[in-house]
Amino acid sequence: MAKARILVVEDELNLLEGIKTVLEIDGFAVTTAENGKQALVALHDAARSGTGALPELIVSDIMMPHMDALTCCARFAPNNSGSIFRSFS
């Protein structure tokens with residue numbers, strides 16, 4: 001069975017690595033980004049790959065440098081309804 005894919009977006013690196021580690025221990029395939037811009041690049045790359053590699057779940061901090069979660073979601077979501085986007089503050 002394929003591992004469920006999760007994208008974690010967090011600008012505090014210690015928290016990002018901690019979340020990633022816990023999710024990987026629980027058997028998830030985890031991709032990370034440090035801000036909304038990096039997340040958007042990762043999502044567009046996954047969408048273009050043609051392998052169905054988009055995450056099933058996106059967990060994101062809201063307030064981040066360069067691009068916040070709400071802007072990232074608004075830019076990504078209109079063309080890609082397959083991922084669930086959850087944010088936290």
Side-chain angles (χ1 to χ4, degrees):
M1 179 179 212
K3 293 181 178 183
R5 293 176 306 277
I6 300 175
L7 172 60
V8 179
V9 190
E10 171 58 61
D11 60 324
E12 292 185 32
L13 298 182
N14 290 334
L15 185 55
L16 179 65
E17 287 302 316
I19 294 169
K20 178 183 180 192
T21 299
V22 169
L23 291 171
E24 287 176 338
I25 288 170
D26 285 340
F28 295 99
V30 181
T31 303
T32 62
E34 295 176 22
N35 58 58
K37 276 189 174 182
Q38 286 183 4
L40 205 53
V41 168
L43 291 166
H44 284 295
D45 288 349
R48 280 191 233 117
S49 72
T51 62
L54 284 171
E56 284 86 12
L57 177 66
I58 302 164
V59 179
S60 179
D61 187 2
I62 294 175
M63 299 294 292
M64 298 176 288
H66 309 296
M67 182 186 298
D68 65 24
L70 302 176
T71 303
C72 180
C73 182
R75 290 187 183 176
F76 177 73
N79 300 317
N80 300 283
S81 60
S83 296
I84 298 171
F85 204 110
R86 295 287 183 245
S87 58
F88 58 92
S89 57

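Computed from a predicted structure; not experimentally measured. Side chains included, hydrogens not; waters and symmetry mates left out as well; all remaining heavy atoms used. The chain is numbered in sequence order, starting from 1.
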Scanning both residues in full, the closest heavy-atom pair of Pro65 with Asp11 reads CD-OD2, 3.4 Å
Below 4.5 Å, heavy atoms only, C-beta onward: do Leu43 and Pro55 meet side chain to side chain?
yes
Is there side-chain contact between Leu7 and Ile58, with heavy atoms separated by less than 4.5 Å?
yes
[atom1]-[atom2] distance between [X] and [Y], expressed to the nearest 0.5 angstrom:
| X | Y | atom1 | atom2 | answer |
| --- | --- | --- | --- | --- |
| Gln38 | Cys72 | CD | SG | 10.5 Å |
| Leu70 | Met64 | CG | CE | 8.5 Å |
| Asn35 | Leu40 | CG | CG | 10.0 Å |
| Leu54 | Thr31 | CG | OG1 | 10.5 Å |
| Leu23 | Lys3 | CG | NZ | 11.5 Å |
| Lys37 | Arg75 | NZ | CZ | 8.0 Å |

Same cluster (ILVMFWY, side-chain, under 4.5 Å), Val59 and Leu13
yes
same_hphob_cluster(Leu15, Val30) at 4.5 Å side-chain heavy-atom cutoff
yes
Backbone N or O of Glu12 within a donor-acceptor pair of the Glu10 side chain at under 3.5 Å?
yes
